[in-house]
Student: 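The structure is given below, and queries will be raised subsequently.
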2 protein chains.
Amino acid sequence: MDMTSLIASIPLFQGLSPGQCAQLAAIAVRKYHSKGQTFFLEGDEAEGFYIILAGRVKIFKLSPDGKEQIFHILEEHEPFGEAAVFAGSHYPASAQALAETPVLFFPTRKFVDLIRRDPTLALAMLALLSMRLRKLTALVENLSLKEVPGRLAAYLLVQCDGNSPLATISLDVSKNQMAALLGTIPETLSRILKRMSDEKLIKTGPRSITILDKRGLADLAEGNRKLG
Amino acid sequence: MDMTSLIASIPLFQGLSPGQCAQLAAIAVRKYHSKGQTFFLEGDEAEGFYIILAGRVKIFKLSPDGKEQIFHILEEHEPFGEAAVFAGSHYPASAQALAETPVLFFPTRKFVDLIRRDPTLALAMLALLSMRLRKLTALVENLSLKEVPGRLAAYLLVQCDGNSPLATISLDVSKNQMAALLGTIPETLSRILKRMSDEKLIKTGPRSITILDKRGLADLAEGNRKLG
DNA sequence: GTTGCGCCTTGACTTAAGTCAAACTTCAAT
DNA sequence: ATTGAAGTTTGACTTAAGTCAAGGCGCAAC
């Protein structure tokens, strides 16, 4: 696909005119990262932001003693690194490819120039940053105000909404990664999955989790209920 | 002060032309909230955002069983509620005045119209949201990757940087609020302040904390050291 | 196949931090 | 000054979740 139509197909850029897409196309750079490769590390000088064309990327931080907190796992068409473009000069977290991941790269300078001339684009970016803020707010809430069973319940409910009308979630992240996403460790996650199974809230399959009691999980997520 | 010069004096609007300030002035509404009054609650329909003229505002969430996590405590000239303007239609957290707090209110619809015509304003908002994202990222890091002494150390260091060249911090928030800001409870905070005093890292005064060992606190904040 | 290496689970133990309850301090208001 | 309410400290106890270590499972490569 040529660059302009590629850009036009990205949700973030919906609503832009063909001319505007062409301008974006003129500054975008195709890049390719293979599994495990990092896009940037926390603290790196920020030179631009990325949009995923395929594959998966995790945004994360490590503690000095090696614990990992994953902020997001992003997929096709999702942007990342965008917060560093408009304020501050270094990336606030690290980004690593979880699979073969082709991306588009937009250099800060040129992209900001475009925004200056294109309020539609500016509003799209504002909406994007606001969404991110919202997601991070939810993460803080989970970490600070819920215990691990509640976080897990909330996570499962979100996954099944976005994933399929049926209540079976195909696990596309390893349980290790899932633990890091929930701000805990694999052992704890394993134990809590077991407790949830015992209480018939879920059924754990080989690469999947089936939700048996949505109401029960919701109660858990909202703190109205505890695991036995 | 007339509205236009008031607006021109707000850092967020630095760099805007007098004409642009006048346009903002035309849509801004002065409001006044007294101590304890809420601006909005989590989940409320978002009708606009605010800029603080004086006083203090806390942005927070409550857990169902009453625990509070404070996201920010904001002061003069700082905006809040801005994330809800550009995406989603409800506020993601609650806002309450901690003192007598006059504010400017900007209604979503009219403000977005201005942005559409004014890329400088758009870039200012983008920078603002990016800063917020950065701060929230740091909060997640603190909650997930640091234990309470590390969070407290980081907090004290930030306060003394922004507060005075000297290493004495005048406590402008109650220790209750400080605990909620750090994602813990007053009892725990109290105990850890004591342990820090015991190790001569700080000295706690009546309404102040004096930093005795900046290096030691930094080590604590970065996880290179533990309290005895 | 079977070998080997991640991933996942399980158990016993430790620990940081929360809970509950009581006492003490501060400060503002009568 | 006295009262009272809120903020703060302290102690004894509980608990959620992390650590450490061992063992099992599943899958890919030879």
Side-chain angles (χ1 to χ4, degrees), chain A residues 35-36 62-70 98-99 142-153 155 170-198 202-209 220 223 225-228, chain B residues 35-36 58 62-70 98-99 142-153 155 170-198 202-209 220-221 223 225-228:
Chain A
K35 184 172 175 171
L62 297 175
S63 79
D65 49 298
K67 189 185 171 192
E68 177 187 43
Q69 174 67 48
I70 298 180
L98 293 178
N142 286 339
L143 290 173
S144 172
L145 302 178
K146 294 191 172 95
E147 8 198 81
V148 181
R151 288 177 226 167
L152 175 56
Y155 175 81
S170 60
L171 284 193
D172 41 341
V173 294
S174 83
K175 288 183 182 164
N176 267 335
Q177 304 266 295
M178 201 167 144
L181 210 37
L182 296 174
T184 185
I185 55 172
E187 291 96 320
T188 299
L189 177 59
S190 181
R191 286 185 242 270
I192 290 173
L193 282 170
K194 185 149 193 280
R195 285 205 275 158
M196 284 187 176
S197 297
D198 290 350
I202 59 172
K203 197 146 73 97
T204 63
R207 277 260 146 222
S208 72
I209 296 177
L220 211 54
R225 167 178 174 164
K226 300 241 164 198
L227 285 180
Chain B
K35 184 171 173 170
K58 75 172 171 188
L62 296 176
S63 79
D65 49 298
K67 189 185 170 193
E68 177 187 43
Q69 173 66 48
I70 299 181
L98 294 178
N142 286 340
L143 290 172
S144 172
L145 303 177
K146 294 190 172 91
E147 14 199 74
V148 181
R151 286 177 228 166
L152 175 55
Y155 175 80
S170 60
L171 283 193
D172 42 339
V173 295
S174 82
K175 289 182 183 166
N176 267 336
Q177 303 267 295
M178 201 166 141
L181 210 36
L182 296 174
T184 185
I185 55 173
E187 292 94 320
T188 299
L189 177 59
S190 180
R191 287 185 240 269
I192 290 173
L193 282 171
K194 184 148 193 280
R195 286 204 276 156
M196 284 187 177
S197 297
D198 290 348
I202 60 172
K203 198 145 73 94
T204 63
R207 276 262 145 222
S208 73
I209 296 177
L220 211 54
R225 166 177 176 164
K226 301 244 164 195
L227 286 180

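In what follows, chains are A, B, ... by sequence order, proteins preceding strands, each numbered from 1.
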Student: Without decimals, in angstroms, what is the distance between L143(B) CG and dA16(C) C1'?
Tutor: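 Value for this atom pair: 15 Å.
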
Student: Going from CG on D65(B) to CG on L145(A), what distance comes out if it is rounded to the nearest 0.5 angstrom?
Tutor: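 Answer for the CG-CG pair, D65(B) versus L145(A), is 8.5 Å.
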
Student: Let's see if you can work this out: which of dA17(D), dT19(D), dT10(D) has an atom nearest to the side-chain heavy atoms of E187(B)?
Tutor: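 The answer is dT10(D).
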
Student: Please report the closest heavy-atom contact between R195(B) and P149(B), naming both atoms and the distance.
Tutor: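 For R195(B) and P149(B), the tightest heavy-atom pair comes out as NH2-CG, 4.4 Å.
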
Student: I want to check something: taking the side chain as every heavy atom from C-beta on, are V173(B) and L98(B) in contact at a cut-off of under 4.5 Å?
Tutor: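 Side-chain contact under 4.5 Å: no.
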
Student: Can you identify which nucleotide, out of dG18(C), dT10(C), dA17(C), has its nearest atom closest to the K67(B) side chain?
Tutor: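 It is dG18(C).
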
Student: Whole angstrom is fine here: how far is it from CG in L189(A) over to P in dG18(D)?
Tutor: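 These atoms are roughly 10 Å apart.
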
Student: Side chains of I202(B) and S197(B): does their closest heavy-atom pair fall under 4.5 Å?
Tutor: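 Yes, at least one pair of side-chain atoms sits under 4.5 Å.
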
Student: Grab the CG-C1' distance between D198(B) and dT10(D) for me, whole Å please.
Tutor: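 In whole Å, dT10(D) C1' and D198(B) CG are 13 Å from each other.
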
Student: For dT9(C), does OP1 or OP2 lie under 4.0 Å from any side-chain N or O of K175(A)?
Tutor: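 For K175(A), the contact criterion (side-chain N or O under 4.0 Å from OP1 or OP2 of dT9(C)) is met.
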
Student: Between K226(A) (NZ) and dT19(C) (C1'), how many Å, whole number?
Tutor: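 Going from K226(A) (NZ) to dT19(C) (C1'), I get 12 Å.
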
Student: Assign each of R191(B) and V173(B) to its nearest nucleotide of DNA chain D by heavy atoms, then name whichever residue's nucleotide is nearer the 5' end.
Tutor: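 The 5'-side residue here is V173(B).
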
Student: Rounded to whole angstrom units, what separation is found between the CG atom of L193(A) and the P atom of dC7(C)?
Tutor: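 Distance check: L193(A) CG to dC7(C) P gives 17 Å.
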
Student: At less than 4.0 Å, is any side-chain N or O atom of S174(B) found next to OP1 or OP2 of dA6(D)? Yes or no.
Tutor: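 No, no such contact exists.
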
Student: Treating K67(B) as the side-chain partner and S144(A) as the backbone partner, does any N or O pair qualify as donor plus acceptor under 3.5 Å?
Tutor: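 A pair under 3.5 Å: yes.
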
Student: How close or far is atom C1' of dC20(C) from atom CG of D65(B), stated in whole angstroms?
Tutor: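 That distance rounds to 15 Å.
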
Student: Taking atom P of dT9(C) as reference, at what distance in whole Å does atom CZ of R195(A) sit?
Tutor: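 So the two atoms are 15 Å apart, to the nearest Å.
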
Student: How many Å lie between CZ on R207(B) and C1' on dA28(C), as a whole number?
Tutor: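 Spelled out: CZ on R207(B) to C1' on dA28(C) is 13 Å.
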
Student: T188(A) side chain N/O closer than 4.0 Å to the phosphate oxygens (OP1, OP2) of dA16(D)?
Tutor: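 No, because none of the side-chain N or O atoms of T188(A) sits under 4.0 Å from OP1 or OP2 of dA16(D).
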
Student: Which listed nucleotide (dC8(C), dT19(C), dA17(C)) is nearest to the side chain of N176(A)?
Tutor: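 Selected nucleotide (nearest to the side chain): dC8(C).
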
Student: Under 4.5 Å between any side-chain heavy atoms of I192(A) and T184(A), yes or no?
Tutor: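 No - every pair of side-chain heavy atoms lies 4.5 Å or more apart.
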
Student: I want to verify a distance call: between dA17(D), dT10(D), dG18(C), whose nearest atom is closest to the E147(A) side chain?
Tutor: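 From the listed options, dA17(D) comes nearest.
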
Student: Any donor-acceptor pair under 3.5 Å linking the side chain of Q69(A) with the backbone of A180(A)?
Tutor: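 Side chain of Q69(A) to backbone of A180(A), a donor-acceptor pair under 3.5 Å: yes, one is there.
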
Student: Quick check on the helix from dT9(C)-dA22(D) to dT30(C)-dA1(D): what's the angle between its two end axes, five base pairs per end, to the nearest 10°?
Tutor: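 Taking five pairs per end, the axes differ by 40°.
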
